[in-house]
Amino acid sequence: MLSEELEYFNQRHPMFHRGNCIVVGVSGGADSVCLLDLLYGLREKWELALHVVHVHHGIRGTEAERDAQFVERLAEERQLPFRLIRVNVPEEAGRQGKSEEEMGRILRYQVLEEYRQEVGGDRIAVAHHQGDQAETVLFHLFRGSGPRGLSGMSARRGVIIRPLLFAGRAEIEEYLQKRGMTWCQDVTNQDTLYTRNRIRHQILVLAEEQVNPAAGRHIAQAADKLAAWRSYIEKMGEEAYGRTAERDKEGFRLSVKRMEKEDPVMQSEILRRIFAEMIPGAKDIGQIHYEQVLGLLSSGPGRYLRLPGGVCVERQYENIYFHRDKEKRHVPVCVECRVPSEHIVEQDGTFWRFTFDLKKRSDLPKEIPQKDYTKLLDYDMIKSGLVIRNPGEGDYFVMDKMGRKKRLNRYYIDRKIPQSMRPSQLVVAEEDHVLWAVPDRISEAYKITNNTERVLVITKERIP
């Protein structure tokens with residue numbers, strides 16, 4: 001009996017519990033009529049409150065009106081609450097640039113959820129069956145989906161439940177015939193202009209005729225097994241994700257060394273989790289994007305990718321960073337500085353106060369501490385005006401007492417400062433000679449010596 005099989009299926013894949021309020025989407029077709037009748041039969045045993053909803057899609061004219069009236073009678077006969085909800089699928093599909101097939105599905109779930117919230121329902125039951133599962137798996141397979149797509153529809157996804165996913169179409173129709181029940185035929189389900197209908201009425205039919213009469217059932221069963229494997233992989237993936245990835249203020253940081261230790265399956269699962277966090281529904285993310293990001297593991301620093309959904313991925317030395325593709329407002333800095341003086345400059349949205357003071361060497365301690373945000377330099381070595389600015393081509397500083405020079409760009413590379421961050425760095429410079437590469441390195445040529453008489457004190461302070 002289908003009712004007993006449904007209860008067993010609910011034990012294996014918990015979908016509803018005793019006392020639940022279930023909104024049942026009923027189109028009038030055999031599948032949804034069977035679903036309603038089965039749940040109604042379990043109503044007293046499981047103490048279920050059932051609400052019947054029929055969504056009128058604004059297509060098929062008088063046939064659609066006939067279906068709506070048919071479903072209303074089903075609800076009345078069982079004394080169940082009924083709601084007819086009308087939507088205009090063709091108009092909305094045209095407005096959003098989607099197919100009527102996709103738009104119908106989106107609107108259907110949307111209005112069912114709105115009604116569930118209105119009545120305080122626990123679940124929304126839809127009538128997908130084994131044949132729909134096989135069709136979905138093939139649809140995803142042909143589109144290049146991975147294991148998640150090939151595991152098909154789940155018996156429960158959030159508040160959505162699919163109690164008939166275990167049953168084949170033939171079983172459903174046999175059940176209704178034995179019960180003496182009728183149903184409506186939707187002619188659009190036969191229209192092979194729709195991709196899913198071509199799979200259902202041409203490809204699956206051919207497979208069952210030419211390969212194996214149980215082809216559809218076997219595909220659905222394989223999807224069920226894949227779903228179990230997927231559940232295990234996701235559990236392991238959660239642990240791997242915890243070992244390799246961290247959130248930061250911009251998005252996510254992924255350790256290259258730790259990622260390289262993970263199995264390729266786990267690497268993909270880690271990326272899937274990051275994509276899901278940053279891109280709602282991971283829309284438009286395909287296998288090529290996984291391959292591109294994984295390719296950064298073997299690349300050098302500075303490699304940069306743009307992904308769908310406005311996500312950027314950048315390899316920065318020992319980490320891979322994921323962040324939103326938003327243009328930072330980089331305000332060029334070039335401020336001439338007198339001594340003494342005070343200047344406020346902006347660096348990527350953060351404001352800093354630079355103060356320039358002049359002191360006698362004799363007024364300072366013999367051993368002068370150097371701090372990241374305070375630098376003391378030999379003022380007598382400065383021959384021209386000082387400037388706070390961003391790095392420029394040709395910038396250098398003197399790296400040792402032998403007078404050897406080092407290019408500023410080389411210094412940034414050695415310090416592992418990402419290329420994308422270098423244009424907004426700050427320096428205090430005399431022409432091309434950098435006195436201070438903020439916040440740490442100063443040029444050896446301006447360091448205080450025993451001959452120093454006047455000391456330039458530069459401080460940098462963040463403005464809250």
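Since the model is a prediction, treat every value here as computed from it, not as a measurement.
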Enquirer: So which heavy atom on Tyr411 is nearest to which on Ala437, and how close?
Expert: CE2-CB, 3.8 Å

Enquirer: Is the shortest heavy-atom distance from the side chain of Val111 to the side chain of Glu114 under 4.5 Å?
Expert: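 Heavy-atom side-chain distance check passes, below 4.5 Å.
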
Enquirer: Enter the distance from Leu296:CG to Tyr321:OH here, rounded to the nearest 0.5 Å.
Expert: 13.5 Å

Enquirer: Salt bridge between Glu101 and Arg105, side-chain N to carboxylate O under 4.0 Å?
Expert: no

Enquirer: Within the 4.5 Å heavy-atom criterion, are Leu271 and Phe322 side-chain neighbours or not?
Expert: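 Contact flag for Leu271/Phe322 side chains = yes.
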
Enquirer: Kindly say whether Ser27 contributes a backbone atom to a donor-acceptor pair with the side chain of Ser32 at under 3.5 angstrom?
Expert: yes

Enquirer: Taking C-beta and beyond as the side chain, do Arg389 and Asp395 meet within less than 4.5 Å on heavy atoms?
Expert: yes

Enquirer: Under the side-chain contact (heavy atoms from CB on, under 4.5 Å) rule, what do Phe354 and Leu426 come out as? Steps first, then yes or no, please.
Expert: CA-CA 11 Å; Phe354 282 83; Leu426 296 175; 4.1 Å; yes

Enquirer: Sorted by first residue and then second, give each salt bridge (Lys or Arg N to Asp or Glu O under 4.0 Å) pair with at least one member in residues 117-129; sequence neighbours left out.
Expert: Arg83-Glu118

Enquirer: Which residues pass the salt bridge (charged side-chain N to carboxylate O under 4.0 Å, His left out) test with Glu173, sequence neighbours left out?
Expert: Arg169

Enquirer: Where is the tightest heavy-atom contact between Cys337 and His343, given as atom of each residue plus distance?
Expert: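 That closest heavy-atom pairing would be CA-NE2, 3.6 Å.
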
Enquirer: Is there any salt bridge (Lys or Arg N to Asp or Glu O under 4.0 Å) pair reaching into residues 133-142, and which pairs are they, with sequence neighbours excluded?
Expert: Glu135-Arg196, Glu135-Arg200

Enquirer: Within the distance-only criterion (no hydrogens, no angle test), does the side chain of Arg162 pair as donor or acceptor with the backbone N or O of Ser154 below 3.5 angstrom?
Expert: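 Yes, the answer is positive, given that a donor and an acceptor are paired below the 3.5 Å cut-off.
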
Enquirer: Output side-chain donor-acceptor pairs under 3.5 Å for residues 68-80, partner residues at least two apart or in another chain, one line each.
Expert:
| residue | atom | partner | partner atom | Å |
| --- | --- | --- | --- | --- |
| Arg78 | NH1 | Leu74 | O | 3.2 |
| Arg78 | NH2 | Asp37 | OD1 | 3.1 |

Enquirer: So, using ring-ring contact (aromatic ring centres under 6.0 Å, His included) as the criterion, who are the partners of Phe82 when residues are at least two apart?
Expert: none

Enquirer: Give a yes or no on whether the backbone of Ile22 and the side-chain of Asn20 come within a donor-acceptor separation of less than 3.5 Å.
Expert: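 No, because the side chain of Asn20 does not come within donor-acceptor range (under 3.5 Å) of the backbone of Ile22.
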
Enquirer: For the residue pair Leu50 and Pro81, what are the closest heavy atoms and their distance?
Expert: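 Reported closest heavy-atom pair: O-CD, 3.2 Å.
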
Enquirer: Under the side-chain hydrogen bond (donor to acceptor under 3.5 Å, both in side chains) test, which residues partner Thr244, sequence neighbours left out?
Expert: none

Enquirer: Return yes if some donor-acceptor pair links the side-chain N/O of Arg353 with the main-chain N/O of Glu461 below 3.5 Å, else return no.
Expert: no

Enquirer: How would you list, by chain and number, every residue that makes a side-chain hydrogen bond (donor to acceptor under 3.5 Å, both in side chains) with His17, sequence neighbours excluded?
Expert: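 Counting only residues at least two positions away or on another chain, His17 forms no side-chain hydrogen bond (donor to acceptor under 3.5 Å, both in side chains).
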
Enquirer: Output, in order, the C-alpha distance, side-chain angles, deciding distance and verdict of salt bridge (Lys or Arg N to Asp or Glu O under 4.0 Å) for Asp414 and Arg441.
Expert: CA-CA 12 Å; Asp414 293 343; Arg441 183 61 189 255; over 6 Å; no

Enquirer: Between Glu92 and Arg108, is there a salt bridge with N-O shorter than 4.0 Å?
Expert: no

Enquirer: Scan residues 86-141 for pairs that pass ring pair (Phe, Tyr, Trp, His ring centres under 6.0 Å), counting only residues two or more places apart or in two chains.
Expert: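 Every pair satisfying ring pair (Phe, Tyr, Trp, His ring centres under 6.0 Å) with a residue in residues 86-141: His51-Tyr115.
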
Enquirer: Counting neighbours of CD on Glu44 that are heavy atoms of other residues, nucleotides or ligands and sit closer than 6.0 Å, is the number greater than 12?
Expert: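 12 or below, so no.
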
Enquirer: Side-chain polar contacts of residues 225-240 - donor-acceptor pairs under 3.5 angstrom, sequence neighbours left out - could you list them?
Expert:
| residue | atom | partner | partner atom | Å |
| --- | --- | --- | --- | --- |
| Arg230 | NH1 | Ser151 | OG | 2.8 |
| Glu234 | OE2 | Arg148 | NH1 | 2.2 |

Enquirer: What distance do Ile413 atom CD1 and Arg410 atom CZ have between them, rounded to the nearest 0.5 Å?
Expert: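 Between atom CD1 of Ile413 and atom CZ of Arg410 there are 4.5 Å.
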
Enquirer: Under a 4.5 Å cut-off applied to non-hydrogen side-chain atoms, are His13 and Ile161 in contact?
Expert: no

Enquirer: Sub-3.5 Å donor-acceptor pair from the side chain of Arg243 to the main-chain atoms of Ala245, do we have one?
Expert: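 Not at all, since once roles are kept as given, no pair shorter than 3.5 Å links the two residues.
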
Enquirer: Rounded to the nearest 0.5 Å, how far apart are OG1 of Thr355 and CD of Glu342?
Expert: 4.5 Å

Enquirer: May I have all residue pairs that pass salt bridge (Lys or Arg N to Asp or Glu O under 4.0 Å) and include part of residues 203-216, sequence neighbours excluded?
Expert: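 As it turns out, there is no salt bridge (Lys or Arg N to Asp or Glu O under 4.0 Å) pair with a partner in residues 203-216 once direct neighbours are skipped.
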
Enquirer: If I take atom CZ from residue Arg247 and atom CD from residue Glu277, how far apart are they, to the nearest 0.5 angstrom?
Expert: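 It is 4.5 Å, given to the nearest 0.5 Å.
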
Enquirer: May I ask you to check whether over 12 heavy atoms, not counting those of Arg273, lie within 6.0 Å of atom CZ?
Expert: yes

Enquirer: Would you mind reporting whether Phe9 and Met15 have side-chain heavy atoms less than 4.5 Å apart?
Expert: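 In short, these two side chains touch, coming nearer than 4.5 Å.
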
Enquirer: Checking the side chain of Asn409 only, and the main-chain atoms of Glu393 only, is there a donor and an acceptor separated by less than 3.5 Å?
Expert: no

Enquirer: Taking the side chain as every heavy atom from C-beta outward, state whether Ile124 and Glu113 have any pair of such atoms under 4.5 Å apart.
Expert: yes

Enquirer: So, does Asn88 use its side chain to make a donor-acceptor pair with the main chain of Gly58 at under 3.5 Å?
Expert: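 Here the side-chain-to-backbone pair does not exist.
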
Enquirer: Minimum heavy-atom separation for Val137 and Ala223, please, with both atom names.
Expert: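 Closest heavy-atom pair between Val137 and Ala223: CG2-CB, 3.6 Å.
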
Enquirer: With sequence neighbours excluded, tell me which residues meet side-chain hydrogen bond (donor to acceptor under 3.5 Å, both in side chains) with Arg18.
Expert: none

Enquirer: Is the OH atom of Tyr8 crowded by more than 12 outside heavy atoms at less than 6.0 Å?
Expert: no

Enquirer: Any donor-acceptor pair under 3.5 Å linking the side chain of Glu100 with the backbone of Val89?
Expert: no

Enquirer: Let me see the working for Lys257 and Glu260 under salt bridge (Lys or Arg N to Asp or Glu O under 4.0 Å), right down to the final yes or no.
Expert: CA-CA 5 Å; Lys257 288 184 178 179; Glu260 287 174 336; over 6 Å; no

Enquirer: Give a yes or no on whether the backbone of Phe166 and the side-chain of Gln130 come within a donor-acceptor separation of less than 3.5 Å.
Expert: yes

Enquirer: Can you confirm whether Arg12 sits close enough to Asp224 that some side-chain heavy atom of one is under 4.5 Å from a side-chain heavy atom of the other?
Expert: yes

Enquirer: How close do Gln185 and Trp183 get, counting heavy atoms only, and between which atoms?
Expert: NE2-NE1, 3.2 Å

Enquirer: Among residues at least two apart in sequence or on other chains, which ones pass ring-ring contact (aromatic ring centres under 6.0 Å, His included) with Tyr40?
Expert: none

Enquirer: Taking side chain as C-beta onward, heavy atoms only, is Leu84 less than 4.5 Å from Arg86?
Expert: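 Leu84 vs Arg86: side chains touch.
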
Enquirer: When you look at Tyr241 and Ile274, which way does the side-chain contact (heavy atoms from CB on, under 4.5 Å) test go after all the steps?
Expert: CA-CA 9 Å; Tyr241 171 83; Ile274 294 176; 4.0 Å; yes

Enquirer: Tell me the closest heavy-atom pair linking Ile219 and Ala134, and the distance in Å.
Expert: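 Closest approach of Ile219 to Ala134: CG2-CA, 3.7 Å.
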
Enquirer: Run the numbers on Leu38 and Leu35 for side-chain contact (heavy atoms from CB on, under 4.5 Å), then give the verdict.
Expert: CA-CA 5 Å; Leu38 286 169; Leu35 172 64; 5.7 Å; no

Enquirer: Just verifying a value: how many Å separate Arg198 CZ and Leu138 CG, rounded to the nearest 0.5 Å?
Expert: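 CG of Leu138 is found 13.5 Å from CZ of Arg198.
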
Enquirer: Test your reading of the model: is there a side-chain donor-acceptor pair from Asn390 to the backbone of Gln425, 3.5 Å cut-off?
Expert: yes

Enquirer: In Å and rounded to the nearest 0.5 Å, what is the NE2 to CD distance from His289 to Gln292?
Expert: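 Nearest 0.5 Å value for the NE2-CD distance: 5.5 Å.
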
